[in-house]
> 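Mind having a look at this structure? Questions to follow.
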Amino acid sequence: MTTTIERGRPGVRPVKAAPPGRRPGRIRRVGLPYLLLLPALILELLVHLVPMVIGIVMSFKVLTQFYIRDWGTAPWAGLDNYSLSVDFNAPVGEALLHSFFVTVAFTLLSVGLCWLIGTAAAIFMQDTFRGRGLLRALFLVPYALPVYAAVITWVFMFQHDNGLVNHVLHDQLGITDKPSFWLIGDNSFWALLTVSVWKGWPFAFLIVMAGLQNIPRELYEAAALDGAGIWQQIRRITLPSLSPVNQVLVLVLFLWTFNDFNTPYVLFGKAAPEAADLISVHIYQASFVTWNFGAGSAMSVLLLLFLLAVTGVYLALTSRGRRPADA
């Protein structure tokens, strides 16, 4: 250990130099980021984690309307709620399975169409033309509107007698033989899909448009000089370059769409038609309509486990696909 002595000042003791690699206040600087994150972690704990734990506990209880006032005194059910939910030969399990298949079909179509329309619009907006800024702003209007205001507008448009959709399809274009019922029956699935795509594709457009800014224009110019057409440029340059962006975008759209509750609830009310019975509304009905909060909580836990499994498999597959490129 080295020491330094101040010369010219008698009686001054040697001052020990700081050991190598140790700086004053290092611990304080290392702990500062965690201290700044502490309020957000506490808020996340209170808003998400605590209700999640309570919901898991409720799934193991016989929690009906008789124990709402003091749900802690509800008797334990063990795995009975889970057995009831996955018994696909019984009415409860059969209805849940039907709702699951409807949600899977709805999610795949909605995510696919949102990605396709958003990507096409973002690629189209890369070229400079008059009014491009105004058109970009108009494209983002469905995403900027509050969900309730947007969906209620679609409710009026889907009305049987005086809705805009039937007026255009039947009265103006003559595509349908008679005005259709869009909010009941089999057409309710397509009405729900239309609203979901309408309000979801601007988000895909925004994300893809941001990802396109990172692609050098020189690549397109070199490809054009080599004789590559627009479709070859999209297939060889645009889509491979957008792969990391699309991996995150598809996952976010999948989770949002699979868990979407606001759109079907505002569109159909508490009782969604069988063709549009998404699992989020189905769990709501099992909990707040039939007053069986134990079974509803068990369904929610099963949904959480399914989404965690799908997310884990998706991230594993996409990470494996990126390794050769990164290497």
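We use all heavy atoms of the structure for the numbers below, so side chains are in, but hydrogens, waters and symmetry mates are not.
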> Could you give the distance from OG (S85) to CG (L303), rounded to the nearest 0.5 Å?
11.5 Å
> For side chain to side chain donor-acceptor pair (under 3.5 Å), just list the numbers for D171 and H167, CA-CA rounded to whole Å, side-chain angles, deciding distance to a tenth of an Å, and then say yes or no.
CA-CA 5 Å; D171 300 336; H167 176 71; 3.2 Å; yes
> Please check if the side chain of N81 supplies one atom and the backbone of S59 the other of a donor-acceptor pair under 3.5 Å.
yes
> Applying salt bridge (charged side-chain N to carboxylate O under 4.0 Å, His left out), which residue pairs with at least one partner in residues 278-290 are found, sequence neighbours left out?
none
> From Q126 CD over to L212 CG, what is the distance, rounded to the nearest 0.5 angstrom?
4.5 Å
> Assess whether side-chain contact (heavy atoms from CB on, under 4.5 Å) is satisfied between L135 and F124, documenting all intermediate values.
CA-CA 11 Å; L135 200 56; F124 172 74; 4.2 Å; yes
> Are V197 and L109 packed together at the side-chain level, in the sense that at least one heavy-atom pair is separated by less than 4.5 angstrom?
no
> Could you report the tightest heavy-atom contact between A204 and C114, atom names first, then the distance?
CB-O, 3.4 Å
> Measuring only between side-chain heavy atoms, which start at C-beta, is S180 closer than 4.5 Å to N166?
yes
> Does a side-chain heavy-atom distance below 4.5 Å link F205 with R136?
yes
> Test ring pair (Phe, Tyr, Trp, His ring centres under 6.0 Å) on F158 and F181; report intermediate values, then the result.
CA-CA 8 Å; F158 280 129; F181 289 94; over 10 Å; no
> What about the rings of F258 and F106, do their centers lie closer together than 6.0 Å?
no
> If you define the side chain from C-beta out and look only at heavy atoms, does anything of F101 sit under 4.5 Å from L97?
yes
> Check whether the ring centres of W256 and F203 lie less than 6.0 Å apart, and answer yes or no.
yes
> Taking S99 for the side chain and A95 for the main chain, is one N or O donor matched with an acceptor at less than 3.5 Å?
no
> Quick one: do L96 and H282 satisfy side-chain contact (heavy atoms from CB on, under 4.5 Å)? Show the steps, please.
CA-CA 7 Å; L96 181 63; H282 187 87; 3.8 Å; yes
> What about L38 and Y34, same hydrophobic cluster or not, with Ile/Leu/Val/Met/Phe/Trp/Tyr joined at side-chain heavy-atom distances under 4.5 Å?
no
> Looking at residues at least two apart in the chain, or sitting in another chain, which of them share a salt bridge (charged side-chain N to carboxylate O under 4.0 Å, His left out) with K61?
none
> What's the shortest heavy-atom distance between K270 and V281, and which atoms?
O-CG1, 4.0 Å
> Y143 and W201: ring pair (Phe, Tyr, Trp, His ring centres under 6.0 Å), yes or no, with the steps?
CA-CA 8 Å; Y143 181 68; W201 79 264; over 10 Å; no
> Within the 4.5 Å heavy-atom criterion, are M299 and V92 side-chain neighbours or not?
yes
> For this output row, return yes or no: ring centroids of F288 and F293 closer than 6.0 angstrom.
yes
> Could you walk me through whether N246 and V208 pass side-chain contact (heavy atoms from CB on, under 4.5 Å), step by step?
CA-CA 8 Å; N246 285 329; V208 174; 4.1 Å; yes
> Who pairs with V168 by side chain to side chain contact (heavy atoms under 4.5 Å, CB included), at least two apart in sequence or on another chain?
L164, L173
> First locate atom CG of L249, then atom CD of Q247, and finally report the distance between them rounded to the nearest 0.5 Å.
11.0 Å
> How long is the gap from CZ on R235 to CD1 on I230, to the nearest 0.5 Å?
13.0 Å
> Between the main-chain N or O of G185 and the side-chain N or O of S188, is there a donor-acceptor pair closer than 3.5 Å?
yes
> Describe, in one word, how the ring planes of W198 and W154 are oriented to each other, choosing from parallel (under 30°), tilted (30 to 60°) and perpendicular (over 60°).
perpendicular
> Taking everything shown except E274 itself, do over 12 heavy atoms lie less than 6.0 Å from its CD?
no
> Please assess F139 against M125 for the test side-chain contact (heavy atoms from CB on, under 4.5 Å), listing each intermediate value before the final yes or no.
CA-CA 11 Å; F139 282 174; M125 285 296 172; 3.2 Å; yes
> Taking a hydrophobic cluster as the set of Ile, Leu, Val, Met, Phe, Trp and Tyr residues connected by side-chain heavy atoms closer than 4.5 Å, whether directly or through intermediates, do V62 and V301 fall within one such cluster?
no
> For the CD atom of Q285 and the OH atom of Y265, what is their distance to the nearest 0.5 Å?
10.0 Å
> Determine, using the 4.5 Å side-chain heavy-atom cutoff (strictly less than), whether L308 and I283 are members of one ILVMFWY cluster.
yes
> Can L305 be reached from F60 by stepping across I, L, V, M, F, W or Y side chains whose heavy atoms are under 4.5 Å apart?
yes
> Clusters formed by hydrophobic residues whose side-chain heavy atoms approach within less than 4.5 Å: which one holds V47, and what are its other members?
L43
> So, taking the atom named CD1 in I207 and the one named CG in L242, what distance separates them when rounded to the nearest 0.5 Å?
11.5 Å
> Considering residues at least two apart in sequence or located in another chain, which fulfil the ring pair (Phe, Tyr, Trp, His ring centres under 6.0 Å) criterion with F88?
none
> Just by distance, no angles: are the side chains of Y67 and T73 close enough, under 3.5 Å, to form a donor-acceptor pair?
no
> Just wondering, are more than 12 heavy atoms of other shown residues or ligands nearer than 6.0 Å to OH in Y314?
yes
> Is the CH2 atom of W76 crowded by more than 12 outside heavy atoms at less than 6.0 Å?
yes
> For P273, is there any backbone N or O sitting under 3.5 Å from a side-chain donor or acceptor partner on D277?
no
> Taking atom CZ as the centre, does R236 end up with more than 12 heavy-atom neighbours from other residues, nucleotides or ligands that are less than 6.0 angstrom away?
no
> Let's go through S196 and S110 carefully: what are the C-alpha distance in whole Å and the side-chain angles of both, what is the deciding distance for side chain to side chain donor-acceptor pair (under 3.5 Å) to 0.1 Å, and is it a yes or a no?
CA-CA 7 Å; S196 177; S110 179; 2.8 Å; yes
> Take a 6.0 Å sphere around CG of N262 and say whether it holds more than 12 heavy atoms from other residues, nucleotides or ligands.
yes
> Any side-chain heavy atom of F189 within less than 4.5 Å of one from T194?
no
> What are the two closest heavy atoms between V155 and V266, and how far apart are they?
CG2-O, 3.8 Å
> Hydrophobic clusters here meaning ILVMFWY residues chained together by side-chain heavy-atom distances under 4.5 Å, can you tell me if L193 and I184 are in one?
no
> If you define the side chain from C-beta out and look only at heavy atoms, does anything of L32 sit under 4.5 Å from L36?
yes
> For D260, what residues pass the salt bridge (charged side-chain N to carboxylate O under 4.0 Å, His left out) criterion, not counting sequence neighbours?
K199
> Is any side-chain heavy atom of L315 closer than 4.5 Å to one of L251?
yes
